[in-house]
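All values derive from a computational prediction rather than experimental measurement.
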Amino acid sequence: VANNAGLSEAMVVTASGRIVFHNDPERMGRSLADLGLAAMQDAGASFGRIAEQDLFYARDALLSLDGQRLADVVVAFPYSVVADARNEMVAVTLLVSLVLIVFGAVVLRWSLARQAGRPVAALLASIDQLRADSNEPGQRLPSREFDELERVVVGFNRLLDRVEMH
């Protein structure tokens, strides 16, 4: 325990709840109930917090080679250590999420600009070309691909056909 920053307690507990090893030798031989951990033992919980002691406990089973539960290893940390680690993890998760959202927005904007912006710019350039060469009959907007703008091009070309007929 002394070599692990933030660790308050470490113990090995039998299935019946008797402490067979504890970093504080005075607690060996006692039960988890004496430490206020009976509820954690009874519920089979792998972690829990005891607010009165401001400690966070975690436990894991020690199994024999054939899978039988021999004992549990229980460690305790001050709850502030766990809360600080949780807060740091939440902050990192939010930061990574924000970076991914911004990246996604940039990629989406670029994709939309490419998909919608280029055809609109080409359509406007063709209209400007027609306006500049207004003396040539039969000139039409070029048809490139089948999408919403194609409908505009077809309609505009039909309009030019009608204008030329009159």
Does CZ belonging to Arg158 count more than 12 external heavy atoms closer than 6.0 Å?
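No, not enclosed.
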In terms of heavy-atom contacts, does CZ of Arg86 have more than 12 from other residues, nucleotides or ligands at under 6.0 Å?
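More than 12 within 6.0 Å, yes.
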Any chance you could measure [X], atom [atom1], to [Y], atom [atom2], to the nearest 0.5 Å?
X: Leu62; Y: Thr14; atom1: CG; atom2: OG1; value: 11.5 Å
X: Phe103; Y: Leu108; atom1: CZ; atom2: CG; value: 11.5 Å
X: Met89; Y: Leu94; atom1: CE; atom2: CG; value: 11.5 Å
X: Ser8; Y: Tyr57; atom1: OG; atom2: OH; value: 8.0 Å

Between Arg18 and Gly29, what is the shortest heavy-atom contact and its length?
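Closest pair (atom of Arg18, atom of Gly29, distance): CG-O, 3.8 Å.
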Donor-acceptor pair, [X] side chain versus [Y] backbone, under 3.5 Å?
X: Asn23; Y: Ala10; result: yes
X: Asp24; Y: Glu26; result: yes
X: Ser111; Y: Val107; result: no

4.5 Å side-chain heavy-atom contact, [X] and [Y]:
X: Leu7; Y: Phe77; value: yes
X: Arg30; Y: His22; value: no
X: Leu100; Y: Val96; value: yes
X: Asn157; Y: Leu160; value: yes
X: Arg49; Y: Asp54; value: yes

Under a single-linkage definition using a 4.5 Å side-chain heavy-atom cutoff for Ile, Leu, Val, Met, Phe, Trp and Tyr, are [X] and [Y] assigned to the same hydrophobic cluster?
X: Met11; Y: Leu63; answer: no
X: Val20; Y: Val73; answer: yes
X: Val12; Y: Leu70; answer: no
X: Val153; Y: Leu124; answer: yes

Parallel, tilted or perpendicular: ring planes of Phe47 versus Phe56, cut at 30 and 60 degrees:
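Ring orientation of Phe47 relative to Phe56: parallel.
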Test Glu9 against every option in Val75, Leu55, Val74 by the side-chain contact (heavy atoms from CB on, under 4.5 Å) rule and name the one that passes.
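In the set Val75, Leu55, Val74, the residue that makes a side-chain contact (heavy atoms from CB on, under 4.5 Å) with Glu9 is Leu55.
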